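Here the structure is laid out as C-alpha cells; the discussion comes afterwards.
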Amino acid sequence: RKTIDDDLKEYSYPNSNFGYVVQSKTGFINQDLFLLWLNEIIIPYVKKKRIEYQDNNLIAGIIFDGCTSHIYDKIIELGNSNNIILFEFR
C-alpha cells in the first residue's frame, strides 16, 4: 500500500508492541525495506530460536520469490554471516 492510515501509524509504529509498519514511496518493497525486515525481524527471531533450542549452530533457511529487492550482495552476505541459507525461486 502506498499510504498508511494515521491510526495505524500512531498505534503500530516501529518498535511498538503492536507491530512494525514501514512504507516505501511507491508502495512496493525495495532493497532497503527488505534489509530492514531481515535485520529487525528475521535475524532477531532466528537468534531467539537458537537460544531457545540451545544450539547457536542451527542453520535457518528462508525461501524467497525472484523479486530483485530480495536477493542482492548485501542480503547474501547478511545471510551468510548469520548462518541463514537463502533459497530463491524463479
Side-chain angles (χ1 to χ4, degrees):
R1 229 170 103 171
K2 194 170 182 174
T3 60
I4 295 178
D5 298 331
D6 289 337
D7 286 346
L8 188 58
K9 270 187 178 178
E10 184 175 344
Y11 298 110
S12 291
Y13 210 64
N15 300 321
S16 77
N17 292 326
F18 302 105
Y20 202 104
V21 178
V22 294
Q23 71 186 59
S24 68
K25 290 179 182 179
T26 64
F28 294 100
I29 191 162
N30 58 36
Q31 291 179 346
D32 292 335
L33 291 181
F34 190 71
L35 189 60
L36 180 71
W37 175 75
L38 279 176
N39 278 315
E40 299 294 324
I41 305 296
I42 297 302
I43 291 172
Y45 177 79
V46 168
K47 287 180 178 180
K48 178 182 171 187
K49 287 299 181 181
R50 287 177 178 150
I51 291 168
E52 205 174 290
Y53 292 121
Q54 299 176 0
D55 187 348
N56 287 330
N57 296 317
L58 281 177
I59 297 171
I62 301 176
I63 300 171
F64 301 100
D65 60 13
C67 181
T68 57
S69 67
H70 294 167
I71 301 293
Y72 64 104
D73 291 343
K74 199 178 236 182
I75 296 295
I76 294 167
E77 290 170 17
L78 188 61
N80 289 340
S81 66
N82 286 279
N83 210 15
I84 297 172
I85 298 172
L86 308 173
F87 299 95
E88 180 186 10
F89 287 112
R90 291 182 183 226

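All residue numbers refer to positions in the sequence shown, counting from 1. Not measured: the values here are computed from a predicted model.
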*asked:* For residues Ile85 and Ile41: do they belong to one hydrophobic cluster (side chain heavy atoms under 4.5 Å, members Ile, Leu, Val, Met, Phe, Trp, Tyr)?
replied: no
_Can you give me the closest heavy-atom contact between Leu38 and Pro44, atom names plus distance?_
O-CD, 4.0 Å
*For atom CG of Asp73, is the number of surrounding heavy atoms from other residues, nucleotides or ligands below 6.0 Å larger than 12?*
no
*asked:* Using a 3.5 Å distance criterion without hydrogens, assess whether the side chain of Tyr53 forms a donor-acceptor pair with backbone atoms of Leu58.
replied: no
_More than 12 heavy atoms of other groups within 6.0 Å of Glu52 CD_ = yes
*Look up atom CD1 in Ile43 and atom CD1 in Ile84, then write down how far apart they are to the nearest 0.5 Å.*
5.0 Å
*Give the minimum heavy-atom separation between Asn30 and Asp32, together with the two atoms involved.*
OD1-N, 3.1 Å
*asked:* As an exercise, state the distance from CD1 of Ile42 to CG of Leu35, rounded to the nearest 0.5 Å.
replied: 12.5 Å
*How many angstroms lie between atom CD of Glu88 and atom CD1 of Ile63, to the nearest 0.5 angstrom?*
12.0 Å
*Got a salt bridge between Lys74 and Glu77, using NZ or NE/NH1/NH2 to carboxylate O under 4.0 Å?*
no
*Considering all heavy atoms of both residues, which atom of Phe28 and which atom of Leu33 are nearest to each other, and what is their separation?*
O-CD1, 4.3 Å
*Is there a chain of hydrophobic side chains (I, L, V, M, F, W, Y, each step under 4.5 Å between heavy atoms) that links Phe89 to Phe87?*
yes
_So which atom in Asn83 and which in Asn57 form the shortest heavy-atom distance, rounded to 0.1 Å?_
ND2-O, 3.3 Å
*Using the rule that two of Ile, Leu, Val, Met, Phe, Trp, Tyr join whenever any of their side-chain heavy atoms come within less than 4.5 Å, decide whether Tyr72 and Trp37 are in one cluster.*
yes
*asked:* If you define the side chain from C-beta out and look only at heavy atoms, does anything of Val46 sit under 4.5 Å from Arg50?
replied: yes
*Step through the shown structure and confirm whether more than 12 heavy atoms of other residues, nucleotides or ligands are within 6.0 Å of OH on Tyr45.*
no
*Criterion side chain to side chain contact (heavy atoms under 4.5 Å, CB included) on Lys47 and Asn82, from CA distance to verdict*: CA-CA 9 Å; Lys47 287 180 178 180; Asn82 286 279; 3.6 Å; yes
